[in-house]
Amino acid sequence: MIDAENFLFNNVQGALKEIYSISTQNIVFQKTRKEFVGDFTLVTFVYTKDSNKTPEQLGTEIGDYLVKSNSFIEGYNVVKGFLNISLSIQFWINYFNEIKQKTTIGFKKENSSGKMIMLEYASPNTNKPLHLGHVRNNFLGYSVAQLLKANGHQVIKTNLVNDRGIHICKSMLAWQKFGNGETPKSSGLKGDHLVGKYYVAFDKLYKQQVEILITEGHSKELAEKKAPLLLEAQEMLLLWEAGNLEVLELWKTMNSWVYEGFDITYKNLGVDFDKIYYESDTYLFGKEVVEQGLSKNIFYKKDNGSVAIDLVAEGLDEKIVLRSDGTSVYITQDLGTAIERFKSYPQLNQLIYTVGNEQDYHFKVLFKILDRLGYHWAKECYHLSYGMVELPEGKMKSREGTVVDADELLEEMYETARLTTEELGKVEGFTEFELDNLYRIISLGALKYFILKVDPKKKMMFDPKESIDFNGHTGPFIQYTYTRIKSILRKSENLLDENFDSLSIQSIEKEIIRFIYDFEAIIVEAGKAYSPALLANYIYEFTKLYNRFYHECPILKEENSQIRNFRLHLSKASAQVLYNAMSILGITMPERM
RNA sequence: GGUCCCAUAGCUCAGUUGGAUAGAGCACAGGUUUUCUAAACCUGCGGCCCUUGGUUCGAAUCCAAGUGGGACUACCA
């Protein structure tokens with residue numbers, strides 16, 4: 001594979017040695033900015049001290065040397081401390097000849113890195129339907145998994161379902177009290193929504209009870225703890241833990257409703273998992289770990305019987321790992337599950353948790369404790385932390401009903417895609433089935449791109465009223481560009497597989513080849529940063545560039561057959577890049593739209 | 001109180017080991033179709049990169065302090 005940076009590195013290294021007797025590995029190229037002529041830029045300020053030359057002199061002398069030393073280096077120009085180097089058209093054409101038929105462009109070979117990574121995402125509670133926050137989590141998790149696969153890693157996607165605990169007992173209790181035996185079938189409600197309805201019902205009554213207690217003179221804190229409904233829910237949780245059959249039966253039934261609902265939502269979101277863990281199976285994990293840590297004096301017992309670890313030296317606080325009654329806290333089971341995972345997958349190299357940044361502290365503590373316990377893989381645990389999705393009114397709050405429901409959102413997006421498509425009227429001859437498929441692809445593409453183009457680490461704003469645009473910096477824009485290429489390819493005859501030597505091409509065509517060349521490096525970079533956003537922004541720039549080409553240069557209408565064939569190949573390769581890149585974002589491409 | 005994150009155009013966002021005159025989309029004003037899909041292309045408008053200091057050839061980017069916003073700091077999950 002042709003590697004321009006490596007090629008230039010060797011040449012510049014030679015130049016520095018020969019002209020100035022400087023031996024250095026510190027040679028970095030950046031892409032020449034588009035307002036200047038050139039392909040790669042070397043910053044020469046770096047070498048002024050060792051050479052006693054001005055940046056301009058350095059630029060000129062190195063440039064001269066390079067042009068003489070290798071025919072692929074065609075020219076250069078110097079602007080202040082910047083040496084802009086142009087490679088010959090032939091260099092780029094050689095590259096293009098090599099990759100133009102590759103369908104796997106940008107991707108490393110499957111499992112070629114030898115690295116196995118477990119990536120956890122989604123991990124919902126089972127007491128309510130998914131909302132926009134989960135949507136970001138799911139898109140991000142799925143996309144990062146794709147990204148890691150593209151980098152040659154083996155990825156196991158997991159989902160740790162929070163199927164037990166006080167939250168689901170709340171829904172169960174409310175259903176017992178007010179449900180009258182309602183089921184998804186009897187009500188026509190999607191299972192997760194039905195269960196969520198009773199979670200809301202619980203909260204409503206609970207708040208009323210708290211209010212009453214407060215007017216009776218109790219403090220707010222006490223009232224929140226002593227409301228009868230909450231006490232009942234806690235009792236139910238104890239019954240669950242004791243294995244009470246009736247409670248377990250209800251628990252199983254209501255969870256099964258939720259799973260039926262979630263499965264539909266996951267399918268509509270286009271995400272999936274290789275392995276699903278249930279908290280009811282794992283929540284007791286970690287207790288022996290605490291015993292071990294206690295015997296090694298990593299943990300200590302407090303006067304009241306609880307077990308803790310002191311992390312003050314690391315800038316963290318004391319953390320309880322076992323309650324005084326001997327029961328686990330959340331982090332106890334997290335310790336247990338992490339250890340269990342590395343046990344059951346001995347080849348595992350890395351464990352990634354896709355969880356919102358409100359839990360930054362939790363994961364710092366978790367990884368630190370694993371490290372203290374002596375697990376060498378603790379440093380391979382990574383918290384893929386992402387920012388909250390905010391609405392114009394502020395943060396979403398489940399219990400206050402200020403959430404954007406995932407299913408409703410998808411439906412609205414679908415509707416918008418349908419209306420927009422009908423308005424444009426380009427879908428004659430589509431079957432009902434094809435139309436439905438198209439609306440899904442476009443609406444989901446719009447939503448995924450909208451969310452994934454933002455740096456995961458940053459919080460993002462989502463305004464449901466200004467429903468997502470299909471123009472400009474959007475998923476459909478990229479999909480549209482793809483369909484235009486496919487349309488041309490359909491109309492063209494079979495592509496002649498020829499190599500393009502010494503063909504004279506336009507500068508925009510060379511720019512496109514250059515962008516394709518960058519694709520592989522972007523995947524590596526985005527993978528290292530766990531950031532689909534880097535890729536999303538690359539695709540957008542690439543798409544804009546291709547659209548300019550499409551507008552400026554005739555393809556099918558080009559009369560010179562060799563140029564026509566070249567442009568067809570260039571378009572085909574561009575489509576492949578768009579397709580591959582979007583597939584990493586989890587976005588499907590339509591053939592027509 | 002302590003810890004962490006964020007602040008770039010009217011709005012939403014890029015700007016990645018410090019590099020050239022800080023970029024897009026939306027919105028707004030205008031233009032492009034007898035030519036491969038106008039969900040496109042082109043032009044214009046729009047900036048104290050929160051403030052102040054520091055580091056150096058060079059800072060939106062690194063450091064410090066301040067201001068404003070957010071999160072975390074449970075024997076919750």
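Throughout, protein chains are lettered first and strands after them, A, B, ... in sequence-line order, and every chain is numbered starting at 1.
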Chemist: Counting only heavy atoms not in Tyr579(A) (residues, nucleotides, ligands), do more than 12 fall under 6.0 Å from its OH?
Modeler: no
Chemist: Would you tell me if any nitrogen or oxygen in the side chain of Ser487(A) comes within less than 4.0 Å of OP1 or OP2 on rC36(B)?
Modeler: no
Chemist: Quick one: Lys31(A) NZ to rA14(B) P, roughly how many Å, whole number?
Modeler: 19 Å
Chemist: Do the side-chain N or O atoms of Arg323(A) get closer than 4.0 angstrom to the phosphate oxygens (OP1, OP2) of rC76(B)?
Modeler: yes
Chemist: Which nucleotide wins on minimum distance to the side chain of Arg33(A), given the candidates rU17(B), rA22(B), rC72(B)?
Modeler: rA22(B)
Chemist: Using a heavy-atom cut-off of 4.0 Å across all strands, would you classify Leu322(A) as base, sugar-phosphate, or nothing?
Modeler: nothing
Chemist: Ring centres within less than 5.5 Å and planes less than 30° apart: is that true of Phe36(A) and rA20(B) in this structure?
Modeler: yes
Chemist: Ring stacking, Phe477(A) with base of rA40(B), under 5.5 Å and under 30°?
Modeler: no
Chemist: Report yes if at least one side-chain N or O of Arg484(A) is closer than 4.0 Å to OP1 or OP2 of rA38(B); otherwise report no.
Modeler: yes
Chemist: Do the numbers put Arg164(A) on top of the ring of Tyr283(A), so that NZ or CZ is under 6.0 Å from the six-membered ring centre and no more than 45° off the axis?
Modeler: yes
Chemist: Do we get Arg592(A) above Phe430(A)'s six-membered ring, with its NZ or CZ under 6.0 Å from the centre and within 45° of the axis?
Modeler: no
Chemist: Would you mind classifying the nucleic acid contact of Lys225(A) as base, sugar-phosphate or nothing, using non-hydrogen atoms under 4.0 angstrom?
Modeler: nothing
Chemist: Regarding Asp463(A), tell me which of base, sugar-phosphate or nothing describes its non-hydrogen contacts under 4.0 Å with the strands shown.
Modeler: nothing
Chemist: Check every atom of rC13(B), rC36(B), rC41(B) against the side chain of Met460(A) and return the nucleotide holding the closest atom.
Modeler: rC13(B)
Chemist: Within the structure shown, what part of the strands sits under 4.0 Å from Ile166(A) by heavy-atom distance: base, sugar-phosphate, or nothing?
Modeler: nothing
Chemist: Check whether the side chain of Asn84(A) and the base of rA20(B) form a donor-acceptor pair under 3.5 Å.
Modeler: yes
Chemist: Return yes when atom NZ of Lys31(A) has more than 12 non-hydrogen atoms of other residues, nucleotides or ligands closer than 6.0 Å, and no otherwise.
Modeler: yes
Chemist: Please answer whether rA40(B) and Tyr550(A) are stacked, defined here as ring centres separated by less than 5.5 Å and planes angled under 30°.
Modeler: no
Chemist: Just to be sure I understand the rule, does Glu558(A) reach a base, reach only the sugar-phosphate, or reach nothing, if contact means heavy atoms closer than 4.0 Å?
Modeler: nothing
Chemist: Name the nucleic acid region contacted by Arg548(A), choosing base, sugar-phosphate or nothing; use a 4.0 angstrom heavy-atom cut-off, strictly under.
Modeler: sugar-phosphate
Chemist: If I pick the C1' atom on rA60(B) and the same atom on rG47(B), what distance separates them, to the nearest angstrom?
Modeler: 12 Å
Chemist: Could you tell me whether a side-chain N or O of Asp192(A) sits under 3.5 Å from a main-chain N or O of Lys128(A), the two making a donor and an acceptor?
Modeler: no
Chemist: Can you find a side chain N or O atom of Asn547(A) that sits less than 4.0 Å from OP1 or OP2 on rC41(B)?
Modeler: yes
Chemist: Mind checking if Lys544(A) touches a base, just sugar-phosphate, or nothing, with heavy atoms under 4.0 Å?
Modeler: sugar-phosphate
Chemist: Just need the stems in RNA chain B: three or more back-to-back Watson-Crick or G-U pairs, each with both distances under 3.5 angstrom, sorted by first number.
Modeler: B:1-7 with B:67-73, B:10-13 with B:23-26, B:28-32 with B:40-44, B:50-54 with B:62-66
Chemist: Once you apply a heavy-atom cut-off of 4.0 Å, does Lys364(A) come out as touching a base, just sugar-phosphate, or nothing?
Modeler: sugar-phosphate
Chemist: What contact category does Tyr361(A) fall into here, base, sugar-phosphate, or nothing, at under 4.0 angstrom with non-hydrogen atoms?
Modeler: sugar-phosphate
Chemist: Looking at the base of rA20(B), is there any donor atom on it, or on the side chain of Thr41(A), that sits under 3.5 Å from an acceptor on the other one?
Modeler: yes
Chemist: Given the rule in the side-chain contact (heavy atoms from CB on, under 4.5 Å) test, do Thr354(A) and Val144(A) qualify, once you have shown the distances and angles that lead to the verdict?
Modeler: CA-CA 9 Å; Thr354(A) 312; Val144(A) 170; over 6 Å; no
Chemist: Can you tell me how far C1' in rC63(B) sits from the matching atom in rU55(B), rounded to whole Å?
Modeler: 7 Å
Chemist: Scan Lys302(A) against the nucleic acid and name what it touches under 4.0 Å (heavy atoms): base, sugar-phosphate only, or nothing.
Modeler: nothing
